[in-house]
Structures are given as structure tokens and as C-alpha cells.
Enquirer: 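One structure, as C-alpha cells, below. Some questions next.
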There are 2 protein chains.
Amino acid sequence: MNDALRTAPDLDETDLAILERVEADFDVSLETLAEELDVSKSAVHYRVNKLKDNGVIKGITADIDPLAFGLEMVAITDISVTHESGYSEEIGETLAALDGIEQVYYTMGDVDFVAISRVQSRDQLNDLIDRIVAIDGVNETSSRFVMQEFENKREITANLAEEARNNILTPSNQ
Amino acid sequence: MNDALRTAPDLDETDLAILERVEADFDVSLETLAEELDVSKSAVHYRVNKLKDNGVIKGITADIDPLAFGLEMVAITDISVTHESGYSEEIGETLAALDGIEQVYYTMGDVDFVAISRVQSRDQLNDLIDRIVAIDGVNETSSRFVMQEFENKREITANLAEEARNNILTPSNQ
DNA sequence: AATGAAATCGACCAGCA
DNA sequence: TGCTGGTCGATTTCATT
């Protein structure tokens with residue numbers, strides 16, 4: 001059995017086509033979708049609903065431009081913690097809850113956490129780092145400025161390698 | 001003048017309230033929104049449209065659960081490039097185009113690029129790293145496994161520090 | 001910028017393969 | 001289970017303020 005796919009519901013090509021389309025842009029009429037995919041409106045509606053029930057589609061959200069809020073500065077911060085504390089779960093949640101921090105990863109290796117943050121100014125970044133080091137158990141931090149972000153595409157379906165796509169369409173555990 | 005806000009269109013509290021709501025969940029009726037925000041349905045609709053025209057709302061998208069595709073493995077890869085090549089822009093775009101890579105950051109410092117990738121298996125990660133080192137100009141890579149992701153909330157409005165929020169509502173450059 | 005009415009579109013349901 | 005076609009309610013559009 002392919003362990004990586006144990007949670008995957010069975011999807012066919014039409015489901016994948018719908019997902020690829022709506023993951024990039026949901027602001028489209030059912031009718032347009034139906035024409036593009038060459039199925040009926042009702043069928044699209046039925047499948048989209050099922051994908052929502054399945055949890056494959058976690059939600060419909062509006063993507064907001066960070067620059068519209070002046071959030072022009074991105075930083076990557078490595079954070080190491082004192083291991084005797086052992087509260088990595090708690091520290092991770094505390095980090096993720098800080099204003100300005102977008103993502104927190106707990107990693108294997110010397111550095112324990114990697115945080116990606118987005119702020120308006122260098123002052124706000126300094127303030128954020130102060131708030132990070134003030135967290136109990138945080139040992140050391142080291143930040144890098146991001147000069148350029150490439151294609152902040154977070155599209156799952158657009159990132160599937162061919163092998164991964166094949167695994168979904170023809171699961172070994174069916 | 002507050003340099004960080006030069007691109008910010010003027011937003012009022014109602015706009016912010018709409019954005020906070022729809023950034024987390026757009027799958028809501030106009031009526032519900034109107035009740036929650038205590039404005040008329042038409043007004044909500046008008047403002048949402050304006051925010052789309054403004055570019056503040058970049059788009060409406062479906063969020064897909066990576067686990068539904070068996071994408072259980074996340075890695076952070078530091079990538080250094082040979083500087084005589086000078087094609088960092090091109091390398092960044094090439095990296096971002098690789099299947100499996102979600103985000104690419106070009107940073108200041110020893111490490112030139114940081115890539116976040118999401119794959120189904122260790123094999124796929126090895127394959128991805130092979131594809132990275134095969135890129136012309138790539139010098140060295142070093143990857144860390146992510147053991148846990150904390151609150152992958154990418155919500156701009158939820159991450160604003162109070163100062164940042166105040167900057168938007170009462171811009172110094174108005 | 002916001003409204004209300006008219007036109008359009010999507011959600012839901014009973015029924016069918 | 002997956003889909004059809006039709007009805008009703010919701011949303012979009014637009015003239016108007």
C-alpha cells in the first residue's frame with residue numbers, strides 16, 4: 001500500500017480538472033466552469049459540493065494583496081529553543097500567534113523553528129523579533145531579509161509532479 | 001510620509017471588517033455578511049467589487065487540503081548559487097516552476113534561495129533535490145524536514161500588528 | 001456611495017440510470 | 001453513487017438618488 005495516499009479520497013480526472021480550475025480562481029460562474037470542463041452545471045455543482053464535504057476543498061477564501069496594506073518586508077527567521085524546556089508544541093503555537101508571523105515550521109536539525117513573517121517596516125520587524133526572544137524557552141534567533149519572492153503560488157494541484165498525479169488517479173490502495 | 005503605505009488605497013473600518021471576514025471564508029451569503037457587519041446587502045456587494053477592482057482582493061480561490069493528495073512531507077531547502085552567473089532572477093523562476101516547490105525566497109546572506117516544498121514521499125523529495133542541483137548556476141543545497149507546521153494561516157488581515165492596522169486606517173499620507 | 005427593482009445565476013430537490 | 005432538469009431563492013446589474 002502506498003502510505004502517502006491513505007487519506008486520499010478517490011478522485012477522477014474531472015475532479016482534478018475542477019480543483020485545478022477553482023484553486024486558481026473560484027470567481028467564475030458554474031456555467032463557465034461547466035462549459036470549460038464539458039459537463040453539466042448540475043454535475044459541477046454536485047462535485048464541488050462533494051469535494052467540500054470530503055474536506056478536499058477546505059474553504060473558499062479571498063486572497064488579499066499584502067502590498068495593499070504596505071506589508072512590503074518579508075523575513076525568514078531561524079529560532080532555536082532550549083531543549084530542556086520541551087514545550088516545542090506550545091512555543092510553536094505561541095510563535096504562530098504573533099502578529100506579523102505568517103508561517104511557522106518545526107524542523108529537524110540545529111535550528112528548531114523557521115518563521116516567515118511579513119511586516120510594514122524594519123521597525124516592525126525589530127519589534128517582532130523582540131517579541132520572539134521574549135517567549136519563554138526561545139534561545140537564539142537569526143533573521144534574513146527576503147529580497148524577492150518568486151511565484152507565491154500555493155496551488156497544490158499546480159505543484160503535483162507527474163508521479164504524484166498518477167498516484168491520485170490510480171491509487172495502489174483501491 | 002509613511003513610505004510603507006504608498007500603495008495603500010484608503011480603507012475604512014467597514015472595508016477592513018469585510019476583508020477580515022472574507023479572507024478567512026468567502027463561502028458566505030451576502031445576507032449573512034450584511035447582517036454581521038450591519039450594512040445593507042447592496043453596500044457589501046458594492047464594497048467587495050470595489051476591493052476587487054482596487055486589487056486589494058487579488059482573487060477568490062478554493063483552498064485545497066494537501067493531505068487529500070497525500071502531500072504529507074514538507075521540506076525547507078537552502079540553495080546557494082554561483083555568483084559569477086548573476087542570473088538569480090532566472091534561477092528563482094526556474095526553481096519556482098519545479099513541481100513540488102511551493103514558495104521560493106531570494107534572500108540576503110550566505111544562502112541565496114530558500115525553497116519550501118511539499119511532496120508525497122522521501123523519493124519525491126530526493127527527485128526534487130536532483131532537479132534543483134541540475135539547474136545551471138546552482139551550487140549547493142541543504143534540506144531540512146519539517147516535522148510540524150503551525151497554523152498555516154496566511155491571512156494578511158489577521159496578522160496585522162496594531163500599529164500596522166492604525167497605519168491603514170489613518171494614513172499619514174492622506 | 002448607496003439603493004431598489006429587474007434580470008441573471010446558483011442551490012436544492014425529486015427522480016432516473 | 002453520479003447525474004439531470006426544473007423550481008425557487010439569492011445574487012448581480014443598473015438606473016437613480
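Protein chains get the first letters and strands the later ones, always in sequence-line order, with residue 1 at the start of each.
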Enquirer: Over how many whole Å does the gap from A:L33 atom CG to C:dA11 atom P extend?
Expert: 11 Å
Enquirer: The side chain of A:H45 lies closest to which of these nucleotides: C:dC9, C:dA11, D:dC3?
Expert: C:dA11
Enquirer: Without decimals, in angstroms, what is the distance between B:E31 CD and C:dA11 P?
Expert: 15 Å
Enquirer: What I want to check is whether the side chains of A:Q120 and B:E163 have a donor and an acceptor closer together than 3.5 Å.
Expert: no
Enquirer: Among D:dT4, C:dC9, C:dA2, find the nucleotide with the atom closest to the side chain of B:A43.
Expert: C:dA2
Enquirer: Taking any heavy-atom pair under 4.0 Å as a contact, classify A:S42: base, sugar-phosphate, or nothing.
Expert: base
Enquirer: Please report, rounded to the nearest Å, how far the P atom of C:dA2 is from the CG atom of B:D38.
Expert: 13 Å
Enquirer: Side chain of A:L30 only, please: which of C:dA1, C:dG10, D:dA10 is the nearest?
Expert: C:dG10
Enquirer: Kindly check if the number of other-residue, nucleotide or ligand heavy atoms within 6.0 Å of CG (B:D110) is above 12?
Expert: no
Enquirer: Does a side-chain N or O from A:Y46 land closer than 4.0 Å to OP1 or OP2 of D:dC3, or not?
Expert: no
Enquirer: Quick check against the 3.5 Å criterion: does A:D15 have a side-chain atom that pairs as donor or acceptor with the backbone of A:D12?
Expert: yes
Enquirer: Pick the nucleotide of DNA chain D nearest each of A:D12 and B:V28; which residue has the one closer to the 5' end?
Expert: A:D12
Enquirer: Do you know which two heavy atoms are closest between A:L30 and A:V44, and how far apart they sit?
Expert: CD2-CG1, 3.7 Å
Enquirer: Between P on D:dG2 and CG on A:L51, what's the gap in Å once rounded to a whole number?
Expert: 10 Å
Enquirer: Would a single hydrophobic cluster contain both A:L37 and A:Y46, if residues Ile, Leu, Val, Met, Phe, Trp and Tyr are joined by side-chain heavy-atom contacts under 4.5 Å?
Expert: no
Enquirer: Return the value, rounded to whole Å, for the distance between atom NZ of B:K41 and atom C1' of D:dC14.
Expert: 16 Å
Enquirer: Roughly how many Å is it from CG in A:N49 to P in C:dC12, rounded to a whole number?
Expert: 7 Å
Enquirer: Please report the distance, rounded to the nearest Å, between CZ in B:F26 and P in D:dT11.
Expert: 11 Å
Enquirer: Tell me: CG of B:D53 to P of D:dT13, nearest whole Å?
Expert: 10 Å
